[in-house]
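Okay, so here's the structure we're looking at.
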Number of protein chains: 2
Amino acid sequence: MISLTEENYLKALFNLANHAGEVNVNELSKQLSIKMPTVTSMMKKLAEKKLVHYESYKPLRLTEKGKKEAGLVIRKHRLTEMFLVDKMGFGWEEVHDIAEQVEHVRSVVFFDKIDELLGFPKIDPHGAPIPDKNGKFAWIAYDKLSDCHAGETVRVSAVIHTSSEFLKFLNNREIRLGTKIKIKSVESFDGSMVVSYDNRSADTLSHTVCERLLVEKE
Amino acid sequence: MISLTEENYLKALFNLANHAGEVNVNELSKQLSIKMPTVTSMMKKLAEKKLVHYESYKPLRLTEKGKKEAGLVIRKHRLTEMFLVDKMGFGWEEVHDIAEQVEHVRSVVFFDKIDELLGFPKIDPHGAPIPDKNGKFAWIAYDKLSDCHAGETVRVSAVIHTSSEFLKFLNNREIRLGTKIKIKSVESFDGSMVVSYDNRSADTLSHTVCERLLVEKE
DNA sequence: CTACGATGTTAGATATACCTAACAAAATGT
DNA sequence: ACATTTTGTTAGGTATATCTAACATCGTAG
């Protein structure tokens, strides 16, 4: 049995390990707003449960079992977010905090039903992939808008949604998943981009914004 | 701030106090499957928080504040049950355990949205009243079927749903909220009733069943 | 290459929510 | 009315999850 607290550690480990595969105690501590000694002792506990590989002073790594369990928590989180948006009418900027709580519900049928009612979605409202029932992710490689060039036309496929402020900003600009963006020019000194989309012929997006928009080239 | 555990104690206190207004430590202990000493110490804690009136060796009583908080938890529980049945397609026998978990979600907008999507329901799928946003109950006085007499025609308005087995039994007999029952005779020696309803011309219901069906006379 | 800052661990304390064992009070039955 | 059973409390212990303070190791900059 994995406690609610342990679920949160696994989820954070997975999210931080996204690219590198390894995580520091310090990073994890900051992510969870939990002091380092507490993190160290939890890592020892999770190591005993064969959920993480832990050795003193070495970076943390999820075991296969740990990845699976983390995937299942993230599955519950993302299915919940999708349900809140698609079936309950919440905005994509409102759902993270609610899903953070609902994800800890222990009922397989509950999430299976959500999955079914949604038609077995593959991505959440922010474009992030929903792991399958074994906790496995179908990774999709997107480009950051900030890595694209003038003249290219791209489609917004996912957003990095660390803050609801960013999502509200996108709401104001009427940028959503699927929005087709044409890059008119890139300012080399600050990385900001002049783009057009829908009926906005010239809008400027800062580098900070462009880094958080994940796109596919047409 | 009221913890998840405290919420469970308040809910149990309210449910047991339904009629009497007073509850024993022993009763509460059995209801929650928590040993008496633990209950005693929790009562002292809840008394400090002004949620219960507690004196050694005296029966337990919720304060007004305690009743309100208990009402709010029960509101969340019953709104969840209604949502699970009406909007997600679960059976009334499946929803208690799921609602037991979802009720602890701390998000006012989440439950407000559920309330709105359901059209501000006054009763849950078992006919129990849903408290208002101040935790206040609109009490409805029903009769037990077991207190009715031969010749009377009644309508099922609520069920006492301590076990999902009872609800499955009612499913098999096709008895639901709203079913109109005609009492043909009452066996005086065991209190069982011969009744007719829908297209069942003569069905026998044991006293145990009749005690758990709450009805309104036509 | 050593010293210092960043990172990580150990030790010991706290709060919550549970337990058992032992004792105390209340209720009950003959 | 007193002995017994039921109910309730006290005392002390455990597990989880957190903290601070002090110490240890690592990595790097001078």
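Values reported hereafter were calculated over all heavy atoms of this structure, with side chains retained and with hydrogens, waters and symmetry mates removed.
A heavy atom closer than 4.0 Å to some atom of DNA chain D occurs in K35(A), P37(A), T38(A), S41(A), M42(A), K45(A), these being the qualifying members of residues 35-51 of chain A. Proximity of residues 4-12 of chain B to DNA chain D (heavy atom under 4.0 angstrom from any strand atom) is not detected for any residue.
Residue Y57(B) contributes atom OH, which lies 10 Å from atom P of dG8(D) at whole-angstrom precision. Separating the CG atom of N24(A) from the C1' atom of dT9(C) is a distance of 15 Å, rounded to the nearest angstrom. Between the CG atom of L60(A) and the P atom of dG8(C) there is a distance of 8 Å, rounded to whole Å. With rounding to whole Å, N26(A) atom CG is found 20 Å from dA24(D) atom P. Rounded to an integer number of Å, the gap from E22(B) CD to dT7(D) C1' is 15 Å. Distance CD1 (I34(A)) to C1' (dT16(D)): 12 Å, rounded to an integer number of Å. Atom NZ of K58(A) is separated from atom C1' of dT9(C) by 15 Å (rounded to the nearest Å).
Put simply, CG on L10(B) and OG on S3(B) are 9.0 Å apart, with the number rounded to the nearest 0.5 Å. Atom CZ in F111(B) sits 11.0 Å away from atom CG in L72(B) (nearest 0.5 Å).
Between H77(B) and H96(B), the ring center distance clears the sub-6.0 Å criterion. Aromatic rings of F137(B) and F14(B) (six-membered ring for Trp) have centroids within the 6.0 Å cut-off, being under it.
Electrostatic pairing of R78(B) and E103(B) does not count as a salt bridge here, judged by no charged N lying under 4.0 Å from a carboxylate O. E27(B) has no carboxylate O lying under 4.0 Å from a charged side-chain N of K30(B), or vice versa, which leaves the two without a salt bridge.
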Exercise. Show your working on side chain to side chain contact (heavy atoms under 4.5 Å, CB included) between L145(A) and I183(A) and close with a plain yes or no.
Key: CA-CA 9 Å; L145(A) 177 57; I183(A) 304 169; 3.8 Å; yes
Show me the donor-acceptor pairs within less than 3.5 Å that the side chains of residues 50-61 of chain B make with the rest of the protein, sequence neighbours left out.
none

